[in-house]
Amino acid sequence: MIVYNSDMEKKKLFLSPKRMMITFGALCLLMEILILGSGFLLSWEYMVTNYIVTIIIASSIIILCAFLCFIGLKTSYYIVDKKGIYYHKSGGDLYYEFKSILYIDEIYTKKHHVMHCYTDLGKELFIVFDTNGLIYEYALEYCDRLLNKEEFMRRSPNIKL
């Protein structure tokens, strides 16, 4: 658990709003297709004749997704210190220690703006960038046990990169 002080509060790094809106937009579209699509398949005539019901269902799904996106934007953030990354999200809190990160896939990370790394236990992590991409810079600065690709492959032959 991280103890908050005045310096830590200043280091809150929020997730990219654009990425969150794209994610929740895709979720909204999927929900619209599933719910309205199944409604049209089960009772086509009811959905067509009672188009007001269809509009109410569609608009309520959009409002729900917009509300969830707003909550996600306000409650998801990172706090970085010299020991690790503390990720606070509405579903729970996660802590990634820098000393346990052995390898960061730089090509994937730069291409997708998601830090793809492996821990000393062989666990694969995907850490979404903050708005400015400072998570990656902090990881490169504070991870003192980073290995290059050849050393990591020699140490962990079961992991495919």
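Remember, predicted model here, so these are calculated numbers, not experimental data. In this chain, residues are counted from 1 in sequence order.
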Evaluation steps, side chain to side chain contact (heavy atoms under 4.5 Å, CB included), between S76 and H88: CA-CA 6 Å; S76 298; H88 176 78; over 6 Å; no

Go through the steps to decide whether F24 and F70 satisfy the test ring-ring contact (aromatic ring centres under 6.0 Å, His included), and finish with yes or no. CA-CA 10 Å; F24 280 100; F70 178 75; over 10 Å; no

Tell me whether K149 is salt-bridged to D105, with the criterion being a basic N under 4.0 Å from an acidic carboxylate O. no

Do Y138 and L13 make a side-chain contact, defined as non-hydrogen atoms from C-beta onward lying under 4.5 Å apart? yes

Nearest-0.5 Å distance that lies between atom OG in S60 and atom CD1 in I56: 8.5 Å

Does N132 reach the main-chain N or O of L134 with its side chain, forming a donor-acceptor pair under 3.5 Å? no

Closest contact, heavy atoms only, C143 versus F98: SG-CD2, 3.5 Å

In this structure, CD1 of I104 is separated from SG of C117 (nearest 0.5 Å) by 6.0 Å

Considering non-hydrogen atoms only, spot the tightest contact between Y78 and I85 and give its length. CD2-CG2, 3.6 Å

With sequence neighbours left out, what residues match K99 under salt bridge (charged side-chain N to carboxylate O under 4.0 Å, His left out)? E97

Smallest separation among heavy atoms of T131 and P17, with atom names: OG1-CD, 4.1 Å

May I ask you to establish whether K12 and Y77 are in a cation-pi arrangement, using a distance under 6.0 Å from NZ or CZ to the six-membered ring centre and at most 45° from the ring axis? yes

In the single-linkage hydrophobic clustering (I, L, V, M, F, W, Y; side-chain heavy atoms under 4.5 Å), do I127 and V114 co-cluster? no

Can you tell me which residue among K110, E106, H112 is in a side-chain contact (heavy atoms from CB on, under 4.5 Å) with Y108? H112

Step by step, would you call L102 with R155 a side chain to side chain contact (heavy atoms under 4.5 Å, CB included)? CA-CA 10 Å; L102 292 181; R155 255 183 151 179; 4.0 Å; yes

What is the distance from atom OG1 of T119 to atom CG of L125, rounded to the nearest 0.5 Å? 5.5 Å

Give the ring-plane orientation class for F129 versus H113, where under 30° counts as parallel, over 60° as perpendicular and anything between as tilted. perpendicular

Are V128 and L94 joined in one hydrophobic group, where the rule is that I, L, V, M, F, W and Y side chains link up if heavy atoms are under 4.5 Å apart? yes

Heavy-atom closest pair, residues F14 and L73: CD2-O, 3.9 Å

Side chains of T23 and M20: does their closest heavy-atom pair fall under 4.5 Å? no

Between T109 and H116 (side chain of the first, backbone of the second, donor and acceptor by atom type, cut-off under 3.5 Å), is there such a pair? yes

So, taking the atom named OG in S100 and the one named OH in Y118, what distance separates them when rounded to the nearest 0.5 Å? 14.5 Å

Of all the heavy-atom pairs spanning M115 and A139, show the shortest one and how long it is. SD-CB, 3.5 Å

Does the pair R19 and L15 meet the rule for a side chain to side chain contact (heavy atoms under 4.5 Å, CB included), with working shown? CA-CA 8 Å; R19 186 175 288 259; L15 297 175; over 6 Å; no

Where D81 and Y95 come nearest, the two heavy atoms and their spacing: OD1-OH, 3.7 Å

When rounded to the nearest 0.5 Å, the distance separating CE of M21 from SG of C69 is 5.5 Å

Residue among I57, L64, I63 satisfying side-chain contact (heavy atoms from CB on, under 4.5 Å) with I61: I57

Taking atom CZ as the centre, does F126 end up with more than 12 heavy-atom neighbours from other residues, nucleotides or ligands that are less than 6.0 angstrom away? yes

For atom CZ of R145, is the number of surrounding heavy atoms from other residues, nucleotides or ligands below 6.0 Å larger than 12? yes

Between Y87 and D93, a side-chain donor and acceptor under 3.5 Å: no

Distance-only, no hydrogens or angles: does the D130 side chain make a donor-acceptor pair with backbone N or O of I135 under 3.5 Å? yes

What distance do I71 atom CD1 and K89 atom NZ have between them, rounded to the nearest 0.5 Å? 16.0 Å

Within the side chain of S156, is there an N or O that forms a donor-acceptor pair under 3.5 Å with the backbone of M153? no

